[in-house]
Amino acid sequence: MLDTVMDEPAFYDRLREWTNDLLLTANFRERGFNTAAQRLMSFRDQTPQNAPRDYPNAYFWQNQANNQDTNNAAAFGNDAIAREPLELVVHVVKENRPFTEILTADYIMVNGYSAASYGINLGVSPGSQNVVKFRALSENPYFSRRPNQTEPDPTDFKEGRITNYPHAGILSSPMFVGTYGTTDTNVNRKRARFVYKYFLATDVLRDTERPVDIVNVATTNPTMNDANCKSCHGIVDPVAGAFQDFSDTGRFKIVDKKPFEFMRPPGFRDEAIPAEERATSIKWMAQRITSDPRFVTSAIRFAYTGLTGQKAVEVPTDQQNPTFDAQMKAFRIQTEIFKKIGKNFSDNGYNFKVALKSIINSQMFRAVSTYGTPTSSREQELFEIGTANLSTPENLARKIRAVTGYPWSEVGSQPNEIADRRDVQFDLLMQRDDYRLMYGGIDSFDVIQRLKAPNGIMANIAKRMANDMSCLAVPQDFAKPVAQRDLFRYVEASYTPEDSNGFLVAGSVDKIKQNIKYLHWRFLGERLEDGDPEIDRTYQLFLETWREGKALQKQRQRMNQGDPLNCQADRTYYTNDVIPNLNDNNFTDDATPLGQAGYNRVTSDPNYTVRAWMSVTAYLLSDHGFIYE
Amino acid sequence: MDRRDFMKAAALTGLALASPLAVRKAKAADDPYNGLFIITVHAGGGWDPTSLCDPKGYEGSVVPDAANTTAMNKSYPAAQIASAGNIKYAPLFDAANNNNGNLTVVVPGRGVTQIPAGVAATARNGQNFFAKHSSRLLVINGIDVQTNDHDGGTRNIWSGKLAEGYPAFAAMFSSAVAKDKPLAYITAGGYDFTAGTVAATRASRTNRLIAIAEPNVRYRNANNNEYYHTPDTYDRIARFQRERTQGAIDAQRLPRWRNALSTLFTVREGNNELLRVMDVLNGNLPGTQTKLSDTLNNGSLQSDFERQVRLGVGAYRAGIAASLSLNSGAGGFDTHQNHDNLQIPSLRTLLWNVDFIVEELNVQQVPLNKVMIIVGSDFGRTPGYNSGNGKDHWSTTSMMFLGGSVPGNRVVGASDERHRMLAVDPGSLAPSTDGVRITPGSINLALRRLTGISEADVAREFPTASLADDLPIFG
């Protein structure tokens, strides 16, 4: 089961997001159009004025005549450059490679567009006849509206190599190194700090939480000599030295300069980088980091945070805190569990999927309740147990699609629109300025921490989503023949709970409850037995809404008013084809392929069941079981 | 473990916590909040107080050259330090000191602008910031932030605690006075950790706010809105949902799940109050015929910062918000290189933006005594320059307070000529070698007392400095 899930594209979408939550390299996509490509384009010497560029084709689409909406390269090239380190992680995991390869890979991940930007010759470039190595755009339904369908599918990434470049996975990625800039005085310490934090499970700056007394810092070169400073700099500075040939913006070029005399020499722990390995310092460093036991710890923490949305428990530092002992106990328990998972991970060739499965199979992840009412001290110990993870906006968008069959989107249906309803990136929860940030997401540069708990705005976003999606999905689903439906597999819109005299229609009620049971499973993953109180509760919602509607219909009839159905299905959502009316006397549309297949438009609701089912659908889509994981 | 410990422990593990008490309060909460409104502005990266409100100019009259690494400043001589009332400030913001025409300011939305000679740079109405606001301004200098780490410094300044796990003061304040309001704590950046004490809301973008204020309105028409569900059906869905979630809370034993469900329950119950935002957004900007919501989208405001302020003040007027956290909107202050050319324009922009807040209060007719603006940064910058003409991290810093019941025209604390913090007498606050240092913890303690939340549950749950650090900072 878990293996199957880990083959799903959605799993890798999540993995990309976990990785970006850490690395934040998506800032090169989010900051503005072409930011990543322009960064590569800027890699050149300051002098002479017309010094050659490292990547003269980085921004190759800038001279193309098409505008950005119709130019595949503009849309896909920049994105591929920006997410290259994320694709590396996905590639390593998908191919069951050792997870150490995220730092030791002697390649960079490119798609057909970024390969051209980097000047990597895979025998392919957009527009060329040779497209054998990348899938064609036409093979990916997300991009069915894109022009030039023979051009490469942007989601198809391959290993590529830049000439004379010391590839060391993420560590040498221009996007990673460029995200964590440096200055002449910071001299790569910031980069070293994040290397420790991300890949060695060590937050060196936590050490500076003990008060630093600047009044007593009086020595010259304090980072080398002062006790207040050298405890951190002693471990940070050597690692920083491995980045000595990367510029502040992430450009790699070996420059002829002496090592900094005011810093410890480049190296790792007690080992200095040999002079003959200067050109490949970063590769040397990658080997040392991945051989360090803390790399395993960092990988397990990464997996845990990705799965649960929670940071691993840190060793408590505030001994004055009355809960210090309990926190220390929680830290030790989690550390022990992580050690076991880490051993399993390294014994299995550093296969990241093994780490994920170990966490998923642990009580930390699977627990849904506990026996009896826990005491307050027991609660302290149980804090790390269970998930209760608020869905990220990205994941909620995918869940909506997976469950209802439709996106929460305002992308139009006209064929001349490039944005495709199949492409999840256009969903309202994915768009920064629509709901992504308001629903607690990040933009990787201004907002970099996800909200973990809902607020009033987010609760209302969920309500609106539930209403909007019920309005779309219910009539669309009823318009399909039963065999093709996602939601209403056991009922027709004509199934009412009571007849016109108010008597129970037992057969209908059974079918309605059967469908409710199925919806609880489909929407919330709840496997309920017949007669479960939750089925009865949902049925009661259906029944009361239906009765209200029938009374309303009678009232409107008495007053000679119509009974308009606001949420209709007269065209198919994705293809915009007219759905025939099989109930009228016009048989022409009945003969269309949709008519022959049994599609029947939903433009009215004489039995008030479409609207009753809308209430049920909205109820389930905004349920806590849908919003949390 | 008592409830206080439980709450704190939950916060330390990053858990959101909403107690059944909060749920009951939420149900009963209909009164609009009209107490104090806190606005915090964070100058991210570490500002240089010696170029702002703790001025240290260079000695003599000759501008130190690029190779000089010991000068305190290269932009103004000590002899030209300016003052407004009791407040001294760097003479970088006066029209009178802008005669050479080479000063720049990053005007929000307009990029870097060369300031014409003789034009004031940091406030509207032809005044500089300090001249305009000194009577309401309190400056604290010589604060010992105890770290050179960005995260730690930011945390300490805004939570009063160097250790992790304590809420930002703005979050704590909202939790104490308006926890049940749907936008009790609005954040658009800065240090906004809540420790689970209150729901934080990001409302930096406003174009979708109207849609979600009324989730059941499918299309908005002047006289006849189109709804997804009938009002009765919509209420019914909410009622059934409430019953189901309450049942799940009652049945749940795992604290993480129970807290998550309780939080959702609480925020759902407060949803109707979002309609008050609608009233404000749909109302005209006072004194104009323009809807406030239109001004958020029509380009009349120059930056996200200004839009965030307008929305935040609007939410306060609606009675549903008690605090707002903002990033300065002034770019980076982490000027390890080319310090003067980068830091000073950022400081001008910061002051320009803080001045905007005061102006916006005037526009929305909110008196300044109802609003307290707090401005701070991670830490200060080194006395002297590095080889890149930059200044590195330094753990002496300053903060500025404006409005509310803050006693203006007042400077508390001091630093020496090399920007080392000076201890102060705990009674008079005058520099004293036998005195105590002013720390973020002592400021936090004084702020709690000034704003009346010292005895609130949330304040007790997160004790800050000891009573020995209790200083009469605000009188």
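Convention: sequence-line order gives letters A, B, ...; per-chain numbering from 1.
- Most heavy-atom pairs under 4.5 Å with chain B, from the set A/S615, A/G440, A/G549: that is A/S615.
- If you check the side chains of B/Y228 and A/D468, you find a donor sitting under 3.5 Å from an acceptor.
- The CG atom of B/D192 lies 7.5 Å from the CG atom of A/L451; values are rounded to the nearest 0.5 Å.
- Per-residue heavy-atom pair counts under 4.5 Å with chain B were compared for A/M614, A/E544, A/M458, A/R611, and the maximum is reached by A/E544.
- Of the atoms belonging to B/R218, heavy atoms from both backbone and side chain fall under 4.5 Å from chain A.
- Proximity of a side-chain donor or acceptor of A/N460 to a complementary backbone N or O of B/P215 within less than 3.5 Å is not detected.
- Looking only at distances, a side-chain donor or acceptor of A/R464 sits under 3.5 Å from a matching main-chain atom of B/E214.
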Full working for side chain to side chain contact (heavy atoms under 4.5 Å, CB included) between A/K463 and B/Y234: CA-CA 10 Å; A/K463 281 185 178 181; B/Y234 188 60; 3.4 Å; yes
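- In this structure, chain B has a heavy atom under 4.5 Å from the side chain of A/L552, while its backbone stays farther away.
- With a threshold of 4.5 angstrom between heavy atoms, A/E534 approaches chain B through side-chain atoms but not through N, CA, C or O.
- Of the two parts of B/Y219, neither the backbone nor the side chain holds a non-hydrogen atom closer than 4.5 Å to a non-hydrogen atom of chain A.
- Contact annotation for A/S622: both backbone and side-chain heavy atoms come within less than 4.5 Å of a heavy atom of chain B.
- Only the side chain of A/L428 has a heavy atom closer than 4.5 Å to any heavy atom of chain B.
- For the atom pair A/T545 OG1 and B/D232 CG, the distance stands at 9.5 Å (nearest 0.5 Å).
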